[in-house]
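For reference, the structure discussed in these notes is given below.
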Amino acid sequence: MRDVKVSRVLLILLASLIIGFLLGLAMKYRYEASMFEPYTWKHPPAIINCYGPDFNEYQIKRAINYWEDNGYPIGFYEHNPPNSVCDNSWLEGFIILRRTRSLPANTIASTKRYSRYFEMKGAIIYYQSGSFNLDLINEHELGHALGFTHIDEPGHIMHPLYHKMGREFWLP
């Protein structure tokens, strides 16, 4: 009888833990969806090219200049980092550029952000092969890596649809 009570208590504790975790995730995603800039960097991030040597250095430097001109500084950019740096899944304080083949259909690039307590800790920008050459795609994805979400305003750099994206940036 005692074993049944212990099992029941453990089951209730496990269910509470799972429900609490899922509620926490739901609150985080709701917060991200309701804020244009849900996270900020404590220090300017560095950007490292783990995509490979064919990544267009001019394109990413143009994107860096775009965000610096809008008041969001970047620490530095490393075009040829050592392999040991690129072997990490992500690095605190860095935005990593990577090639991928596993993005959903009609997705040319995607950014994964790592945050803690409303502060950006790191990010990885995944590109379909060659998509970094598309006009404004680096600026848009770097915007995500800097902490911005989408905004449904035609002409805005953070518009979710590529054909409606533009060079404009303003805070809503």
Side-chain angles (χ1 to χ4, degrees), residues 21 24-25 28-29 31-33 35-152 156-169:
F21 177 76
L25 274 179
K28 178 182 180 190
Y29 289 123
Y31 170 76
E32 286 181 359
M35 302 292 292
F36 177 59
E37 187 181 11
Y39 307 109
T40 57
W41 289 84
K42 186 174 183 177
H43 304 289
I47 299 174
I48 54 176
N49 170 26
C50 293
Y51 182 98
D54 53 335
F55 193 95
N56 189 320
E57 188 173 6
Y58 167 76
Q59 295 281 19
I60 195 65
K61 286 185 176 181
R62 187 183 75 188
I64 291 168
N65 289 337
Y66 176 89
W67 285 105
E68 287 182 332
D69 290 348
N70 280 290
Y72 296 89
I74 301 298
F76 65 89
Y77 171 68
E78 178 56 50
H79 191 68
N80 297 306
N83 289 338
S84 60
V85 172
C86 293
D87 289 342
N88 293 290
S89 59
W90 73 279
L91 291 169
E92 187 164 333
F94 288 86
I95 298 169
I96 302 174
L97 312 176
R98 292 192 187 281
R99 179 189 320 246
T100 187
R101 291 182 191 94
S102 61
L103 293 176
N106 299 323
T107 303
I108 52 181
S110 180
T111 299
K112 169 96 172 120
R113 298 185 298 202
Y114 297 89
S115 62
R116 190 177 322 122
Y117 305 117
F118 308 104
E119 184 180 302
M120 288 293 300
K121 294 296 183 180
I124 302 174
I125 302 175
Y126 296 99
Y127 293 93
Q128 291 282 19
S129 186
S131 64
F132 60 82
N133 283 317
L134 293 171
D135 193 35
L136 301 178
I137 200 67
N138 294 306
E139 288 85 345
H140 178 87
E141 293 304 326
L142 193 51
H144 286 309
L146 290 171
F148 295 104
T149 60
H150 287 136
I151 183 170
D152 194 13
H156 198 285
I157 193 68
M158 296 310 297
H159 196 286
L161 300 175
Y162 181 75
H163 68 278
K164 291 188 176 184
M165 202 181 298
R167 297 192 181 284
E168 298 298 318
F169 175 77

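Just so you know, these numbers use all the heavy atoms, side chains as well, and skip hydrogens, waters and symmetry mates.
Within 6.0 Å of CG on Asp69 lie more than 12 heavy atoms contributed by other residues, nucleotides or ligands.
Atom CD of residue Glu139 and atom CD1 of residue Ile64 lie 10.0 Å apart, to the nearest 0.5 angstrom. Between the CZ atom of Arg98 and the NZ atom of Lys112 there is a distance of 13.0 Å, given to the nearest 0.5 Å. Expressed to the nearest 0.5 Å, how far OG1 of Thr40 lies from CZ of Phe118 amounts to 10.5 Å. Here OH of Tyr39 is found 12.0 Å from CD of Glu119. Values are rounded to the nearest 0.5 Å. Separating the CG atom in Leu97 from the OG1 atom in Thr111 is a distance of 9.0 Å, to the nearest 0.5 Å. Here CG of Leu142 is found 12.0 Å from CZ of Arg62. Values are rounded to the nearest 0.5 Å.
Classification of the Phe94-Phe76 ring pair by plane angle, with boundaries at 30° and 60°, yields perpendicular.
Of all non-hydrogen atoms in Pro44 and Pro73, the two that sit nearest each other are CB-O, 3.5 Å. What you find for Ala123 and Trp41 is that their closest heavy atoms are N-CH2, 4.3 Å. Of all the heavy atoms in Trp67 and Gly143, the pair that sits closest is CZ2-CA, 3.4 Å. Ile95 and Pro45 make their closest contact through CD1-CG, 3.8 Å (heavy atoms, listed as atom of the first residue, atom of the second, distance).
Looking at residues two or more places apart in sequence or on another chain, you find no side chain to side chain donor-acceptor pair (under 3.5 Å) involving Tyr72. Asp54 pairs by the side-chain contact (heavy atoms from CB on, under 4.5 Å) definition with Tyr51, Arg99, not counting sequence neighbours.
By the 4.5 Å heavy-atom criterion applied to side chains, His156 and Met165 are not counted as neighbours. Side-chain atoms of Leu136 and His159, non-hydrogen and from C-beta on, never get closer than 4.5 Å to each other. With contacts defined as side-chain heavy-atom distances shorter than 4.5 Å, the pair Thr107/Tyr126 does not qualify. In this structure the side chain of Ile74 never reaches within 4.5 angstrom of the side chain of Lys61, judged on heavy atoms. In this structure the side chain of Leu146 never reaches within 4.5 angstrom of the side chain of Met120, judged on heavy atoms. No side-chain heavy atom of Tyr162 sits less than 4.5 Å from a side-chain heavy atom of Asn106. A 4.5 Å side-chain heavy-atom check between Asn138 and Asn56 finds every atom pair outside the cut-off. Within the 4.5 Å cutoff, no side-chain heavy atoms of Asn49 are placed close to those of Ile60.
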(message) One pair to check against side-chain contact (heavy atoms from CB on, under 4.5 Å): His144 and His150. What are the steps and the verdict?
(response) CA-CA 8 Å; His144 286 309; His150 287 136; 3.1 Å; yes
(request) Take Glu141 and Phe132 through the test side-chain contact (heavy atoms from CB on, under 4.5 Å) and record every step on the way to the result. (result) CA-CA 10 Å; Glu141 293 304 326; Phe132 60 82; over 6 Å; no
(message) One pair to check against side-chain contact (heavy atoms from CB on, under 4.5 Å): Asp135 and Arg167. What are the steps and the verdict?
(response) CA-CA 10 Å; Asp135 193 35; Arg167 297 192 181 284; 3.0 Å; yes
(message) Please determine whether side-chain contact (heavy atoms from CB on, under 4.5 Å) holds for the pair Ile157 and Phe148, giving the CA-CA distance in whole Å, both sets of side-chain angles, and the decisive distance to 0.1 Å.
(response) CA-CA 10 Å; Ile157 193 68; Phe148 295 104; over 6 Å; no
